[in-house]
Amino acid sequence: FSNVGVFQTLGLLLGGYEVTGFIHRLGAVVTFLYFGLHLGAVLRKKRQQRLSWRDLLTGEDTLMPRKQDFVEFAQTIRWFLGRGPQPRYGRWTYWEKFDYFAVFWGVFIIGSSGLILWFPTFFTALGLPGWAINVATIVHSDEALLAVGFIFTIHFFNTHFRPGKYPMDTVIFTGRVSLEELKEERPREYERLVQSGKLEERLRPAPPRRLERSARIFGFTALGIGILTILLIVYAMLLAFR
């Protein structure tokens, strides 16, 4: 929406398109960095715990979809409608796995198309046809809009508006949940830790109040910016884009 006045104004406030382009590419570098670190962490976990590929991809701790996730999805719908009890979730819920693969897929698609747009001469010299640059432009733009739409619908509900988590789940910043919360929200994971004798080694002190307060300040700031951004995008799509 670079031809919409409000976004042109925001671009100027940030220093112009030369600066926003630099910020954009810097964000890309950071994304490639954490994506690579994550893949490295997965392989390191496999090696350190001496897991087979089957255990890594199908075990209880996996982020890959399993039959249990589809069962829990159906149970959750019944729970929402008052037709059944809350499912006994494990370490990862079906919506967390959905969130994870939305980002995993998105990094690959938006990253590969972004690299083509960043270095068009290099890729065309390798034999990529010229029309592929136009395709990469469409894919990069549409995947970005799809990601924003996903974040402000599915992700927002799961993280901010879900009963018991409103207005914000701070675990992403603190890395910890209370034992009571674990028992209530992920009883299958709690029972697994108890039965394996690993619960005690997982226990940590509660996060400092300063960390909790800082997490909420940062989180609410990001939440406010996000809501403002989606309102501006909706405004641009419905009223201002030509």
Side-chain angles (χ1 to χ4, degrees), residues 1-38 93 95-115 117-118 137-177 181 207-242:
F1 306 114
S2 58
N3 64 333
V4 176
V6 63
F7 290 109
Q8 292 175 340
T9 302
L10 287 175
L12 290 174
L13 290 175
L14 289 170
Y17 289 131
E18 192 170 312
V19 175
T20 56
F22 172 79
I23 295 172
H24 188 95
R25 289 186 289 273
L26 179 63
V29 172
V30 172
T31 298
F32 287 131
L33 178 63
Y34 69 66
F35 188 67
L37 289 173
H38 170 65
T93 61
W95 66 80
E96 288 171 328
K97 294 182 179 184
F98 192 74
D99 260 7
Y100 174 80
F101 276 102
V103 176
F104 199 98
W105 161 264
V107 168
F108 175 74
I109 296 299
I110 211 166
S112 58
S113 59
L115 281 175
L117 296 174
W118 194 353
T137 302
I138 296 171
V139 169
H140 196 70
S141 175
D142 286 2
E143 174 62 24
L145 190 59
L146 177 64
V148 170
F150 174 86
I151 289 169
F152 290 105
T153 52
I154 307 300
H155 179 76
F156 254 43
F157 173 78
N158 292 334
T159 308
H160 297 288
F161 303 133
R162 185 161 48 93
K165 291 302 178 185
Y166 180 84
M168 181 183 306
D169 188 351
T170 59
V171 68
I172 187 175
F173 304 114
T174 64
R176 305 173 193 182
V177 297
E181 185 177 341
R209 291 183 63 85
R210 180 182 300 177
L211 177 59
E212 285 274 5
R213 186 166 54 250
S214 299
R216 291 189 179 279
I217 292 173
F218 178 83
F220 277 115
T221 301
L223 180 62
I225 293 173
I227 292 174
L228 176 61
T229 300
I230 195 64
L231 290 175
L232 290 175
I233 290 174
V234 171
Y235 160 76
M237 291 181 67
L238 298 181
L239 302 176
F241 185 66
R242 294 290 184 271

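Note: hydrogens, waters and symmetry copies are ignored here, and every other heavy atom, side chains too, is used. The chain is numbered in sequence order, starting from 1.
Considering NE2 of His38 and CG of Leu33, their distance stands at 13.5 Å, rounded to 0.5 Å. Note that the CG atom of Asp99 and the CD1 atom of Ile154 stand 8.5 Å from one another [nearest 0.5 Å].
Applying the 6.0 Å contact sphere to CD1 of Ile172 captures no more than 12 heavy atoms from other residues, nucleotides or ligands. Around atom CZ of Phe108, no more than 12 heavy atoms belonging to other residues, nucleotides or ligands sit under 6.0 Å away.
Considering every non-hydrogen atom in both Gly15 and Val19, the closest pair reads O-CG2, 3.4 Å.
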Enumerate donor-acceptor pairs with a distance under 3.5 Å from any side-chain N or O in residues 212-234 to protein atoms, sequence neighbours excluded.
unit_1: Ser214; atom_1: OG; unit_2: Arg210; atom_2: O; d: 2.9
unit_1: Thr221; atom_1: OG1; unit_2: Ile217; atom_2: O; d: 2.7
unit_1: Thr229; atom_1: OG1; unit_2: Ile225; atom_2: O; d: 2.7

Side-chain donor-acceptor pairs under 3.5 Å in residues 138-151, sequence neighbours left out?
unit_1: His140; atom_1: ND1; unit_2: Ile110; atom_2: O; d: 3.1
unit_1: His140; atom_1: ND1; unit_2: Ser113; atom_2: OG; d: 3.1
unit_1: His140; atom_1: ND1; unit_2: Gly114; atom_2: N; d: 3.4

Between Phe98 and His155, is a side-chain contact (heavy atoms from CB on, under 4.5 Å) present by the stated rule, with each step listed?
CA-CA 9 Å; Phe98 192 74; His155 179 76; over 6 Å; no
Can Leu115 and Phe32 be said to form a side-chain contact (heavy atoms from CB on, under 4.5 Å), step by step?
CA-CA 11 Å; Leu115 281 175; Phe32 287 131; 3.8 Å; yes
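Contacts of His24 classified as side-chain hydrogen bond (donor to acceptor under 3.5 Å, both in side chains), with partners at least two apart in sequence or in another chain: none. Evaluation of the side-chain contact (heavy atoms from CB on, under 4.5 Å) rule for Thr93 yields Tyr89, Trp95, Glu96, Arg186 as partners, not counting sequence neighbours. The ring pair (Phe, Tyr, Trp, His ring centres under 6.0 Å) test applied to Phe152 returns Phe156, not counting sequence neighbours. Residues passing the side-chain contact (heavy atoms from CB on, under 4.5 Å) test with Glu181 are Lys165, Val177, Ser178, Glu185, sequence neighbours excluded.
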